[in-house]
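Every heavy atom of this structure was used, including side-chain atoms; hydrogens, water molecules and symmetry mates were not.
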2 protein chains.
Amino acid sequence: MTSVEQHEHPIEPTINATVLRQIRADIVACRLTPNARLRVEALRLRYGVGGSPIREALMRLEAEGLVTLEAHKGFRVSPVSHDNLVDLTKTRGEIEAIALRWSIANGGVEWEADLLGAFHRLTHQRKTKRSAGDTVDPAWFREHRNFHAALVAACGSPKLKAIRESLFAQAERYVALSIISKSPVRNDIAEHEQIMGAALAHDVARAIRLNSAHIERTAERVAKSLVGAKRAFLLRGGIDEGMG
Amino acid sequence: MTSVEQHEHPIEPTINATVLRQIRADIVACRLTPNARLRVEALRLRYGVGGSPIREALMRLEAEGLVTLEAHKGFRVSPVSHDNLVDLTKTRGEIEAIALRWSIANGGVEWEADLLGAFHRLTHQRKTKRSAGDTVDPAWFREHRNFHAALVAACGSPKLKAIRESLFAQAERYVALSIISKSPVRNDIAEHEQIMGAALAHDVARAIRLNSAHIERTAERVAKSLVGAKRAFLLRGGIDEGMG
DNA sequence: TGTCAACATATTTTCGAAAATATTGGATTT
DNA sequence: AAATCCAATATTTTCGAAAATATGTTGACA
């Protein structure tokens, strides 16, 4: 370490923050499967850290809805269910509608430019990895997430944005689940382009309608593969630890 | 401990859960003032527990928006500001509107009965404690919270309900702040009755309009006393630890 | 065979102390 | 006097172990 680095603060993230992001990513990608028990000892080994930052991260994720906690019985990955998916889809549709309405009302040239940029990056990102045949490239998920964030970036409400982001992550988990169950992933560039077009044209009603349709269409496909995913997991022996 | 108790599970709450509720209540009531540092040692002494459950509770509250965390600098009570109040009010108005719309659509006789009961309890609860002159009775806060929860109880969406509850708690904190700054508290039984009347009449538009007006009217009063509250706190020497 | 208690194990939860990082205050130099 | 460095202190963060609770298993007994 040079003497310079002692004065610049490179803002080293805490173990806590690091492991929080890791666990969240693992849950959203279903590498930690729905309803699976989250034993501290197992997670300690998995992430190579002590028990305290693990528990603190899980506590945070419980508030976000990705983890459940029962007193004296520990943590679990939140279970999935058809009811939960329906609730999530409906709620997310309404929240995104508000955010989109406000964003279109407030958004200026800067917002429009960022949105076009996000769309461009999304369309030029391969959806499936060329190496692993049917798994979706994590980079595509990132660009997809960024595009939808760009749509509502100008809404002007940190609170609404945080709520939207939380619901988006929960929805992503269901998509990851449907991918695992070998459902073909549709290519919906046209859909995204239409939403963006309506937003840029300041056509609030149309943007909201298209966005809601986008959310619901995705949810329907996921719902269809949900029962299949459940069967697949049960056959693999995940009866107790598996999904609800 | 008798032999019977070993088989009945009285569900002892964990220290964690207990201290979480305590800290949340203290923050919402501004007994822990906005922007105040939350040192683990101080909280350890205040609540008489170890550091682990404290940190876990604070982590949970950070996700709820009542606490902020900066890496290696610890926790603080979330600061208050005019911008934050405006954001909170606008967002809460929209969220409650959705919940109210769904609740009116789904609600049956059971919901109506509970709502009438909640209103009755609210109106028969003294607002100010007879002992301490100008402090609001915590029991009134509870009934007020219950009444607004009863309005949206039939909305059918656990997710939306959780979001609404979180925003409601944040708004309550601002009200507590305005009370501390000696603002007179208005008696708004008539307002609550009108909202309930519209809901029971299944007049969605009117119920939403009245509810939003209720939220905004309260926020305006709070906003006026906000600058006064700030001055009061600063004079008391809370410059560094006080409010943002 | 089935039920229940008592023991043994596994796991969660909590504490106290160690390690890592930030902050403060004073001495030194420009 | 202002800025800078260094040491001392305070605080956060993390770990490892102890305490509390849940779960599983065995054996006695009806």
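- Out of D:dG16, C:dT12, D:dT21, the shortest distance to the side chain of A:Val40 is found at C:dT12.
- Salt-bridge check for B:Asp137 with B:Arg142: failed, with every basic side-chain N at 4.0 Å or more from each acidic carboxylate O.
- Each of A:Glu41 and B:Gly50 has a nearest nucleotide on DNA chain C; the 5'-most of these lies closest to A:Glu41.
- Going from atom CZ of B:Arg37 over to atom P of C:dT23 covers 8 Å, rounded to whole Å.
- In this structure, B:Lys161 fails the cation-pi test against B:Trp102, since its NZ or CZ atom is not both closer than 6.0 Å to the six-membered ring centre and inside 45 degrees of the ring normal.
- Between D:dT13 and B:Arg55, a contact under 4.0 Å exists linking OP1 or OP2 to a side-chain N or O.
- Backbone-only engagement by B:Thr14 is indicated by non-hydrogen atom pairs under 4.0 Å involving sugar-phosphate atoms exclusively.
- A straight line from CG of B:Asn16 to C1' of C:dT14 spans 10 Å, rounded to a whole angstrom.
- Look at CG on A:Leu43: it is 16 Å from C1' on D:dC15, rounded to the nearest Å.
- Regarding contacts with the backbone of D:dT13, every side-chain N or O of B:Lys73 stays at 4.0 angstrom or more from both OP1 and OP2.
- The side chain of B:Pro53 lies closest to C:dT14, out of C:dT21, D:dC15, C:dT14.
- Here C:dT13 is the nucleotide among C:dT13, D:dT13, C:dC15 with the atom lying nearest to any side-chain atom of A:Leu69.
- Cation-pi geometry between A:Arg44 and A:Tyr47 is not met: the NZ or CZ atom fails to fall both under 6.0 Å from the ring centre and inside 45° of the normal.
- When distances run from any side-chain atom of B:Arg39 to the nucleotides D:dT12, C:dT23, C:dT14, the shortest one goes to D:dT12.
- Across the protein-nucleic acid pair, B:Ile54 atom CD1 and D:dT12 atom P stand 11 Å apart, rounded to whole Å.
- Using modelled atom types, one finds a donor on one side chain and an acceptor on the other under 3.5 Å when comparing A:Ser157 with B:Thr91.
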